[in-house]
Colleague: 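Pasting a structure here, questions to come.
Heavy atoms only: backbone and side chains are in, while hydrogens, waters and symmetry mates are out. Residue indices begin at 1 and follow the sequence shown.
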Amino acid sequence: MTRKGTLYLIPNTLGEETDGNALSGILPETVAGTTATLDYFIVENAKSARAHLKRIDKTHPLKHPLQQIRMAELNVRTDKSRLPELLEPLLSGQDGGLISEAGVPAVADPGADLVRLAHEKGITVRPLVGPSSLLLALMASGLNGQSFAFNGYLPTDPEQRQRRIRSLEERSRHDRQTQIFIETPYRNDTLLKAFCTACKPDTRLCVATDLTLPSESIQTLPVAAWKKRIEKGQMPDFQKKPTVFLLLANLPG
């Protein structure tokens, strides 16, 4: 019986390392070492994945030349009917790595369906330690880390978005639960203004931008304070930068 390979869930950085922000300060040595031994990867974007492997190669030489490493793309445009073929090398005994465009695979990431299928086919799945923007933001927010929910993207339609925010703010108040969101970076200002319009003045809102990067910024303020900043033209420096939003409503009375 052919031994099945292992699917390693390989974390990526949350952005380009600059100003001496070394890879070793973001990814554990064991993660870089394991990644360097593989010659098959399932990735969101082949070009950026190769750039990531080049960074790893500087400290942990790749077992095979980069041009000999096989890559298959898995992103939001990939038809689910193609998932089985992505796992064929692992079913034949080859180990492989799943790499997200940023952060950890299969969390707010199209890799989740592939991981589910790997389990169904009896393939061993091994998650490796690395940066998650969602957990880093939650850690640093000062909001409730005992109960939280990740909601992904909110509706783009303004009225639907406002209704959704109010609904989740009420859930936050009722369950004492931190609500977590992400947005396409060029719409960060629109989302911040939407929170300020929809939420109660005393609801606490955290804006966490460029986590782990030299330009990192994390601020938690009541919605009333954010509104005053916006009125004064003091928007956060988050335009076109990856940002996580978190809110926690206060109890009434």
Colleague: Nearest 0.5 Å, what's the CG-CD1 distance between L117 and I123?
Modeller: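 Answer for the CG-CD1 pair, L117 versus I123, is 7.0 Å.
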Colleague: Taking atom CZ as the centre, does R116 end up with more than 12 heavy-atom neighbours from other residues, nucleotides or ligands that are less than 6.0 angstrom away?
Modeller: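 Correct, the count exceeds 12.
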Colleague: Looking at N188 and K240, what are the two nearest heavy atoms and their distance?
Modeller: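 Nearest heavy atoms, N188 then K240: ND2-N, 4.5 Å.
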Colleague: So among I180, L154, L192, I182, which one has a side-chain contact (heavy atoms from CB on, under 4.5 Å) with F245?
Modeller: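 The option that passes is L192.
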Colleague: If only atom types and distance count, is the side chain of N12 paired as donor or acceptor with the main-chain N or O of G103 below 3.5 Å?
Modeller: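 Judged by distance alone, no pair lies under 3.5 Å.
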Colleague: Under a 4.5 Å cut-off applied to non-hydrogen side-chain atoms, are P242 and L14 in contact?
Modeller: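 With C-beta onward as the side chain, the pair stays apart.
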Colleague: Do R173 side-chain atoms and A249 backbone N/O form a donor-acceptor pair below 3.5 Å?
Modeller: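 Such a contact is absent between R173 side chain and A249 backbone.
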Colleague: So which heavy atom on I10 is nearest to which on V31, and how close?
Modeller: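 So the two residues come closest at CG2-CG1, 4.4 Å.
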Colleague: Is there a side-chain contact between L9 and V104, using heavy atoms and a 4.5 Å cut-off?
Modeller: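 No - every pair of side-chain heavy atoms lies 4.5 Å or more apart.
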Colleague: Quick one: closest heavy-atom pair of P131 and P11, and the distance?
Modeller: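 Closest pair (atom of P131, atom of P11, distance): CD-CB, 4.2 Å.
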Colleague: Evaluate the criterion side chain to side chain contact (heavy atoms under 4.5 Å, CB included) for residue pair E73 and E44; output intermediate values, then yes/no.
Modeller: CA-CA 5 Å; E73 289 195 347; E44 270 196 87; over 6 Å; no
Colleague: Do L90 and T6 have side chains that get closer than 4.5 Å, going by heavy atoms?
Modeller: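 No, too far: nothing below the 4.5 Å cut-off.
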Colleague: When you look at Q68 and K63, which way does the side chain to side chain contact (heavy atoms under 4.5 Å, CB included) test go after all the steps?
Modeller: CA-CA 10 Å; Q68 294 180 13; K63 185 177 180 181; over 6 Å; no
Colleague: Could you tell me whether the side chain of M71 reaches within less than 4.5 Å of the side chain of L53, counting heavy atoms only?
Modeller: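 L53 reaches M71 side chain to side chain.
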Colleague: Would the distance check show the side chain of D79 and the main-chain N or O of R82 forming a donor-acceptor pair, the cut-off being under 3.5 Å?
Modeller: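 No: the side chain of D79 does not pair with the backbone of R82.
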Colleague: Are the side chains of L247 and S172 in touch, meaning some heavy atoms are under 4.5 Å apart?
Modeller: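 Heavy-atom side-chain distance check passes, below 4.5 Å.
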Colleague: Look at atom NE2 of H174 and say whether more than 12 heavy atoms of other residues, nucleotides or ligands are closer to it than 6.0 Å.
Modeller: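 Counting other residues, nucleotides and ligands, NE2 of H174 stays at 12 neighbours or fewer.
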Colleague: Enter the distance from D210:CG to S217:OG here, rounded to the nearest 0.5 Å.
Modeller: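 Here the rounded value is 8.5 Å.
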Colleague: Find the distance between OG1 (T209) and CD (Q239) and round it off to the nearest 0.5 Å.
Modeller: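 Between T209 OG1 and Q239 CD, I get 10.5 Å after rounding to 0.5 Å.
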Colleague: Counting only heavy atoms not in Q146, do more than 12 fall under 6.0 Å of its CD?
Modeller: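 Counting neighbours around CD of Q146, 12 or fewer heavy atoms of other residues, nucleotides or ligands fall under 6.0 Å, so no.
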Colleague: Any chance you could measure L246, atom CG, to L143, atom CG, to the nearest 0.5 Å?
Modeller: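 L246 atom CG to L143 atom CG measures 6.0 Å (nearest 0.5 Å).
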Colleague: What's the verdict on side chain to side chain contact (heavy atoms under 4.5 Å, CB included) for L86 and Y40, showing C-alpha distance, side-chain angles and the deciding distance?
Modeller: CA-CA 10 Å; L86 298 178; Y40 175 59; 4.1 Å; yes
Colleague: Identify, with sequence neighbours excluded, every residue that meets ring-ring contact (aromatic ring centres under 6.0 Å, His included) alongside Y8.
Modeller: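 None.
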Colleague: Distance check, rounded to the nearest 0.5 Å: L91 atom CG versus E85 atom CD?
Modeller: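 So the gap between those two atoms works out to 12.0 Å.
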Colleague: State, with a plain yes or no, whether a side-chain heavy atom of T243 is found less than 4.5 Å away from one of E183.
Modeller: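 With C-beta onward as the side chain, the pair stays apart.
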Colleague: Looking at residues at least two apart in the chain, or sitting in another chain, which of them share a side chain to side chain donor-acceptor pair (under 3.5 Å) with K241?
Modeller: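 Residues passing side chain to side chain donor-acceptor pair (under 3.5 Å) with K241: D237.
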Colleague: Could you go step by step and tell me if N250 and R204 meet the side chain to side chain contact (heavy atoms under 4.5 Å, CB included) rule?
Modeller: CA-CA 8 Å; N250 278 339; R204 283 176 290 165; 4.1 Å; yes
Colleague: Taking all non-hydrogen atoms of both residues into account, name the closest pair between Q162 and T197 and its distance.
Modeller: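 So the two residues come closest at NE2-CG2, 3.2 Å.
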Colleague: Which salt bridge (charged side-chain N to carboxylate O under 4.0 Å, His left out) pairs, counting each pair once, include a residue from residues 94-112, with sequence neighbours left out?
Modeller: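 Found R3-D95.
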Colleague: If you take all heavy atoms of A36 and I56, which pair is closest and at what distance?
Modeller: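 Scanning both residues completely, I find the closest heavy atoms to be CB-CG2, 4.4 Å.
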Colleague: Between the side chain of S141 and the main-chain N/O of L138, is any donor-acceptor distance below 3.5 Å?
Modeller: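 Yes.
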Colleague: Is V115 reachable from V107 through a run of hydrophobic residues whose side-chain heavy atoms are each under 4.5 Å from the next?
Modeller: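 No, separate clusters.
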Colleague: Any heavy-atom pair between the side chains of I218 and L211 that's under 4.5 Å?
Modeller: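 Answer yes - side chains close enough.
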Colleague: Could you report the tightest heavy-atom contact between T13 and G15, atom names first, then the distance?
Modeller: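 That closest heavy-atom pairing would be OG1-O, 3.1 Å.
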Colleague: Going by the ring pair (Phe, Tyr, Trp, His ring centres under 6.0 Å) test, which pairs reach into residues 130-164, not counting sequence neighbours?
Modeller: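 Listed by first then second residue: nothing to list.
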Colleague: Restricting to ring-ring contact (aromatic ring centres under 6.0 Å, His included), what partner residues turn up for F41, sequence neighbours left out?
Modeller: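 In terms of ring-ring contact (aromatic ring centres under 6.0 Å, His included), with neighbours along the sequence ignored, F41 is linked to no residue.
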Colleague: Taking the side chain as every heavy atom from C-beta outward, state whether Q177 and R171 have any atom pair closer than 4.5 Å.
Modeller: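 They are in contact (side-chain heavy atoms under 4.5 Å apart), so the answer is yes.
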Colleague: Please collect all salt bridge (charged side-chain N to carboxylate O under 4.0 Å, His left out) contacts where either partner lies in residues 221-235, sequence neighbours excluded, each pair once.
Modeller: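 Checked against salt bridge (charged side-chain N to carboxylate O under 4.0 Å, His left out) - neighbours excluded - no pair reaches residues 221-235.
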Colleague: CG of N75 to CG of N45: how many Å apart, nearest 0.5 Å?
Modeller: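 Here the rounded value is 8.0 Å.
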